2 protein chains.
Amino acid sequence: MKISIEGLNKAFESRIKLGIMSVLAVNHMLDFNALKEYLDVTDGNLASHIKALEKEEFIGVEKTFVDRKSNTKYFMTKEGKKAFDEHLKALEKLIKGISE
Amino acid sequence: MKISIEGLNKAFESRIKLGIMSVLAVNHMLDFNALKEYLDVTDGNLASHIKALEKEEFIGVEKTFVDRKSNTKYFMTKEGKKAFDEHLKALEKLIKGISE
DNA sequence: TCAAAGTGCTTTGAAATTCAAAGTTATGCA
DNA sequence: TGCATAACTTTGAATTTCAAAGCACTTTGA
């Protein structure tokens with residue numbers, strides 16, 4: 001059987017979570033606003049997706065102050081990287097299975 | 001900007017819907033049970049995902065009787081094919097953007 | 001021949017997720 | 001002082017996901 005959705009991680013199903021992880025995979029650290037612009041979502045929506053990924057420990061947070069303003073940066077954790085990588089592999093495999 | 005989640009179709013986000021479409025992309029027509037086995041979901045769950053895709057007119061239904069038993073077959077519609085194709089392309093692009 | 005079990009979905013309703021709007025807290029500008 | 005803006009967070013409604021139960025037959029076997 002060529003088609004299999006095993007290996008796809010539920011945590012990365014939503015467009016926005018997939019986006020967050022993708023963007024963080026490429027840019028090692030990004031703040032809230034950068035993510036928001038990349039993904040074009042509302043604050044609340046982005047915040048809840050971030051929180052969900054945080055809860056799974058797929059992304060981490062680093063809160064600092066820049067020019068006396070709070071600045072929250074996000075990055076992928078090791079587990080996040082691993083899980084996302086597997087997810088991408090599963091996706092690739094799926095796509096390949098279809099186009100063959 | 002390399003990473004973009006534009007082009008990803010909300011209708012195909014869930015693992016199961018992605019699976020339904022993938023399986024139907026490869027096997028032109030399948031019945032409820034075949035889908036169920038491929039995807040390893042409960043009846044109710046599968047039925048609701050199918051219904052959602054039907055509602056979008058991405059898949060069609062054909063009800064017949066085989067050996068006096070009802071038999072419902074599903075297939076991708078033209079629009080479904082188009083939409084799914086675009087979705088896959090967007091996915092591929094996303095993955096490429098990350099691995100570069 | 002009739003009850004019990006099975007098949008192939010559909011319906012139901014609870015739980016989880018997604019989302020935008022409103023809220024909060026702190027800074028910047030007039 | 002006071003209003004606007006920034007950077008999130010909280011809230012709660014809408015939507016989606018899911019398994020269990022339901023339904024309408026059909027089959028099986030005593």
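Here the structure is a predicted model, which means the values were calculated and not measured. Proteins come first, then strands; the chains are lettered A, B, ... in the order of their sequence lines, and each starts at number 1.
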Asks: So, does B:Thr72 use its side chain to make a donor-acceptor pair with the main chain of B:Phe32 at under 3.5 Å?
Replies: no
Asks: Could you tell me whether A:Asp31 contacts a base, only the sugar-phosphate backbone, or nothing, with contacts defined as non-hydrogen atoms closer than 4.0 Å?
Replies: nothing
Asks: When you check the phosphate oxygens OP1 and OP2 of D:dA19, does a side-chain N or O of B:Asn45 lie under 4.0 Å from one of them?
Replies: yes
Asks: Ignoring backbone atoms, establish whether A:Lys51 has a side-chain N or O less than 4.0 Å from OP1 or OP2 of C:dT17.
Replies: no
Asks: How close or far is atom P of D:dC25 from atom CZ of B:Phe65, stated in whole angstroms?
Replies: 8 Å
Asks: Over how many whole Å does the gap from B:Ile50 atom CD1 to C:dT11 atom P extend?
Replies: 13 Å
Asks: For A:Ile16, answer base if it contacts any base atom (sugar-phosphate contacts may also be present), sugar-phosphate if it contacts only those atoms, and nothing otherwise; contact means non-hydrogen atoms under 4.0 Å.
Replies: sugar-phosphate
Asks: Report the residue (A:Glu13 or A:Lys73) whose heavy-atom-nearest nucleotide on DNA chain D is the more 5′ of the two.
Replies: A:Lys73
Asks: To the side chain of A:Ser48, which of C:dC19, D:dT27, C:dC9 is closest?
Replies: C:dC19
Asks: Would you indicate whether B:Glu79, at its atom CD, is surrounded by more than 12 heavy atoms from other residues, nucleotides or ligands within a distance under 6.0 Å?
Replies: yes
Asks: In this structure, how many angstroms lie between the C1' atom of D:dT17 and the CG atom of A:Leu8, rounded?
Replies: 16 Å
Asks: In whole Å, I'd like the distance from the CG atom of B:Leu35 to the C1' atom of C:dG8.
Replies: 13 Å
Asks: Can you give the dot-bracket line for DNA chain D, using ( ) for pairs inside the strand, [ ] for pairs that cross earlier ones, | for pairs with another strand and . for unpaired bases, where Watson-Crick and G-U count if both distances are under 3.5 Å?
Replies: ||||||||||||||||||||||||||||||
Asks: What's the CD1-P distance between A:Ile20 and C:dC19, to the nearest Å?
Replies: 10 Å
Asks: Taking B:Asp85 first and then B:Lys89, would you say they form a salt bridge - that is, a charged N and a carboxylate O separated by under 4.0 Å?
Replies: yes
Asks: Please report the interatomic distance OG(A:Ser14) to CD1(B:Ile5), rounded to the nearest 0.5 Å.
Replies: 8.0 Å
Asks: Using only side-chain N and O atoms of B:Lys10, determine if any of them is under 4.0 Å from OP1 or OP2 of C:dC19.
Replies: yes
Asks: Compare the minimum distances between each of C:dC9, C:dT10, D:dT27 and the side chain of B:Lys69, then state the nucleotide with the smallest one.
Replies: D:dT27
Asks: Expressed as a whole number of angstroms, how long is the span from A:Arg15:CZ to C:dT18:P?
Replies: 10 Å
Asks: Within this structure, what is the CG-to-P distance between A:Leu46 and D:dT9, rounded to whole angstrom?
Replies: 10 Å
Asks: For B:Asp40, does the CG atom sit with more than 12 other heavy atoms under 6.0 Å from it, leaving out its own atoms?
Replies: no
Asks: When we call it a touch if two heavy atoms are under 4.0 Å apart, what does B:Thr42 touch: a base, just sugar-phosphate, or nothing?
Replies: base
Asks: To the nearest angstrom, how far is B:Asp43 atom CG from D:dA24 atom P?
Replies: 17 Å
Asks: Would you tell me if any nitrogen or oxygen in the side chain of B:Lys17 comes within less than 4.0 Å of OP1 or OP2 on D:dT17?
Replies: yes
Asks: Could you work out which one of C:dA20, D:dT9, C:dT10 sits closest to the side chain of A:Lys63?
Replies: D:dT9
Asks: Given B:Lys73, which partner from the list B:His28, B:Met29, B:Lys63 fulfils the side chain to side chain contact (heavy atoms under 4.5 Å, CB included) test?
Replies: B:Met29
Asks: Can you figure out which of D:dA7, C:dT10, D:dT26 approaches the side chain of B:Arg68 most closely?
Replies: D:dT26
Asks: Using the rule that two of Ile, Leu, Val, Met, Phe, Trp, Tyr join whenever any of their side-chain heavy atoms come within less than 4.5 Å, decide whether A:Val26 and A:Val23 are in one cluster.
Replies: yes
Asks: Roughly how far, to the nearest 0.5 Å, is the CG atom of B:Asp31 from the NZ atom of B:Lys36?
Replies: 10.5 Å
